[in-house]
Amino acid sequence: MGSLANLPPAVENPPPAVGEMVTVLSIDGGGVRGIIPGTILAFLESKLQELDGPDVRLADYFDVIAGTSTGGLVTAMLTAPDKNNRPLYAAKDINNFYLEHCPKIFPQKRFLSSARNLLGALSGPKYDGKYLHSLVREILGETKLHQTLANIVIPAFDIKYLQPVIFSTYKAKNEVSNDLYLSDVCIGTSAAPTYLPAYFFQTHDAKGNVKDFNLIDGGVAANNPALTAISEVSKEILMNNQDFLDIKATDYGKFLVLSLGTGSAKQEEKYSANMAAKWGFFGWLYNIGATPLIDSFSQASGDMVDIHISVLIQALHSECNYLRIQDDTLVGNASSVDISTTENLLNLVEVGKNLLKKPVSRVNLETGIFEEAGGLIGNGTNEKALIGFAKLLSKERRLRQKNIVEKLFS
């Protein structure tokens with residue numbers, strides 16, 4: 001069918017109500033490791049273009065795109081409109097963005113001892129965030145949540161009220177006080193504790209009342225935002241959003257979910273109970289060049305989401321509707337969230353490429369390690385699985401377009 005850029009939006013991007021599936025893309029947090037899902041997304045978009053023409057973008061296929069922290073930045077890049085109302089970035093441009101800007105977001109201070117690193121962590125965030133803030137504001141400008149080309153879901157955490165905050169296109173369309181600048185949302189979700197400063201901003205409701213936001217990184221709440229995205233869709237279904245007409249909130253078998261991790265160092269096994277038993281405040285805050293406390297809660301929340309969705313999908317006999325791509329074999333600098341040397345960034349590109357060649361895997365509920373899983377989309381490598389996923393996305397979009405055209409002209 002190719003690109004349908006000259007057709008009305010209702011025909012070009014029809015809602016789930018005229019199709020069979022609700023399509024979800026989720027991207028984890030992970031700092032510079034955002035290059036890993038960037039590589040995977042570039043591959044997926046290239047396969048969609050082979051099927052439907054060179055002008056299509058990921059935002060044309062997903063009903064909702066969710067991202068936490070660095071994943072939130074990628075989400076904004078894929079869905080914010082340019083002057084022609086098309087996505088600001090193609091997926092193939094994401095890695096070049098990281099390669100150009102990460103060294104300035106996370107400038108490397110050479111030859112600092114562990115003691116000096118710890119002292120710096122105690123005196124304030126490792127980086128001032130000024131370059132990141134100015135870059136995000138320059139790129140996204142005055143774009144607000146309601147303007148994104150696909151519905152987005154981006155979690156953050158309000159440090160004042162100690163509770164998660166979920167920003168979404170759905171909420172923005174329902175309440176003016178939730179229609180925030182996309183730049184504020186991206187800065188808030190990426191304010192990783194100890195790395196970047198917390199972020200404060202205000203908005204106003206329809207009556208002029210002021211609403212404060214005191215935000216830190218969304219990874220505190222949901223480093224893997226896949227379940228958050230599904231929950232937001234379920235709420236819209238319960239609120240009788242016509243985009244989901246005839247879809248039940250509990251009908252998880254109709255969700256087609258692609259969840260992308262940013263890698264972890266699980267199999268490096270650099271911590272142990274014997275080590276942790278001796279740690280006090282400083283040990284949990286900084287150890288072996290990392291932050292064990294942050295590593296623990298971000299990895300735990302990500303895996304819990306994966307486990308929950310996996311069990312749910314299996315119970316519904318819909319394993320082919322869920323694809324999680326994650327690498328838990330990172331070691332050394334590759335597992336860092338902020339080492340932005342050219343060498344490490346290029347290595348992360350290779351990690352993403354190699355991940356495409358690895359077998360489709362699932363987290364083992366007993367060991368926490370990702371293991372090869374059969375019977376899924378493609379039943380082989382992640383690359384084959386993504387090719388199969390692209391075919392499902394293309395088929396769903398074509399079906400919707402066919403149905404909406406018949407509805408409009410019947």
Side-chain angles (χ1 to χ4, degrees), residues 20-28 30 33-67 71 74-75 77-79 87 89-95 98 150 224-226 229-230 255-264 302 305-306 309-310 313 318-329 348-363 370-399:
E20 294 181 342
M21 310 291 294
V22 178
T23 55
V24 177
L25 169 63
S26 174
I27 310 161
D28 287 12
R33 301 198 310 265
I35 287 178
I36 296 173
T39 303
I40 294 167
L41 290 170
F43 177 81
L44 175 61
E45 191 169 84
S46 71
K47 294 304 168 183
L48 289 168
Q49 290 170 344
E50 289 177 10
L51 294 168
D52 295 332
D55 296 329
V56 298
R57 298 289 183 266
L58 292 174
D60 300 325
Y61 293 87
F62 287 100
D63 297 310
V64 56
I65 301 178
V74 172
T75 295
M77 293 167 68
L78 295 174
T79 61
Y89 289 83
K92 64 181 177 61
D93 298 325
I94 293 172
N95 281 2
Y98 274 77
N224 174 349
I230 292 172
F255 282 84
L256 184 64
V257 181
L258 173 61
S259 176
L260 303 181
T262 54
S264 76
V305 169
D306 184 28
I309 297 178
S310 293
I313 293 296
S318 302
E319 292 93 336
C320 289
N321 291 6
Y322 175 57
L323 176 61
R324 170 74 170 168
I325 299 180
Q326 173 70 314
D327 188 336
D328 62 356
T329 65
L348 289 172
V349 174
E350 292 305 310
V351 169
K353 291 179 180 178
N354 292 335
L355 185 54
L356 288 170
K357 304 298 182 182
K358 290 185 177 182
V360 173
S361 301
R362 282 285 182 269
V363 65
F370 274 75
E371 298 176 350
E372 184 174 346
L376 302 170
I377 300 172
N379 195 22
T381 64
N382 289 316
E383 185 175 73
K384 290 181 179 178
L386 285 168
I387 292 172
F389 208 93
K391 291 177 181 178
L392 290 177
L393 289 171
S394 176
K395 179 182 177 182
E396 173 67 16
R397 185 168 181 253
R398 289 169 180 262
L399 174 65

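Counting from 1, the numbers follow the sequence of the chain as shown. These numbers were taken from a predicted model, which means no experiment stands behind them.
To the nearest 0.5 Å, atom CG of residue N321 and atom CE of residue M21 are 4.0 Å apart. Distance check: D60 CG to D55 CG gives 9.5 Å after rounding to the nearest 0.5 Å. From L258, atom CG reaches atom CZ of F389 across 4.5 Å, with rounding to the nearest 0.5 Å.
For the pair R397 and Y61, the tightest heavy-atom approach, listed with the atom from each and the gap, is CD-CE2, 3.5 Å. Across all non-hydrogen atoms, the minimal contact from R324 to S259 is NH1-OG, 2.7 Å. Closest approach of D28 to P225, counting heavy atoms only: OD1-CD, 3.9 Å. For A385 against V360, the heavy-atom pair with the smallest separation is CB-CG2, 3.6 Å. A229 approaches V24 most closely through the heavy-atom pair CB-CG1, 3.9 Å. Contact record, A390 with L51: O-CD1, 3.7 Å, taken as the closest heavy-atom pair.
With hydrogens and angles disregarded, a donor-acceptor distance shorter than 3.5 Å links the side chain of T75 to the backbone of G71. The backbone N or O of T262 sits less than 3.5 Å from a side-chain atom of R33, completing a donor-acceptor pair. Side-chain atoms of D63 come within 3.5 Å of backbone N or O of T23 as a donor-acceptor pair. Panel note: side chain E20, backbone E396; no donor-acceptor pair is recorded below 3.5 Å.
Under the side-chain contact (heavy atoms from CB on, under 4.5 Å) criterion, K358 pairs with D327, T329, L355, N382, sequence neighbours left out.
Screening T79, L256, L393, V22 for a side chain to side chain contact (heavy atoms under 4.5 Å, CB included) with F62, the sole residue that qualifies is L393.
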Cut-off 3.5 Å, no hydrogens considered: what does the side-chain donor-acceptor table look like for residues 36-49, sequence neighbours left out?
residue, atom, partner, partner atom, Å
T39, OG1, I35, O, 3.0
T39, OG1, N95, ND2, 2.8
E45, OE1, A91, N, 2.9
E45, OE2, L58, N, 3.0
S46, OG, F43, O, 2.6
K47, NZ, E50, OE2, 3.3
Q49, NE2, P54, O, 3.4
Q49, NE2, V56, O, 3.3

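Residue pairs meeting the side chain to side chain donor-acceptor pair (under 3.5 Å) criterion with at least one partner in residues 348-357, sequence neighbours excluded, are K357-E383.
Looking at I325 and L356, their side chains never come closer than 4.5 Å, going by heavy atoms from C-beta outward.
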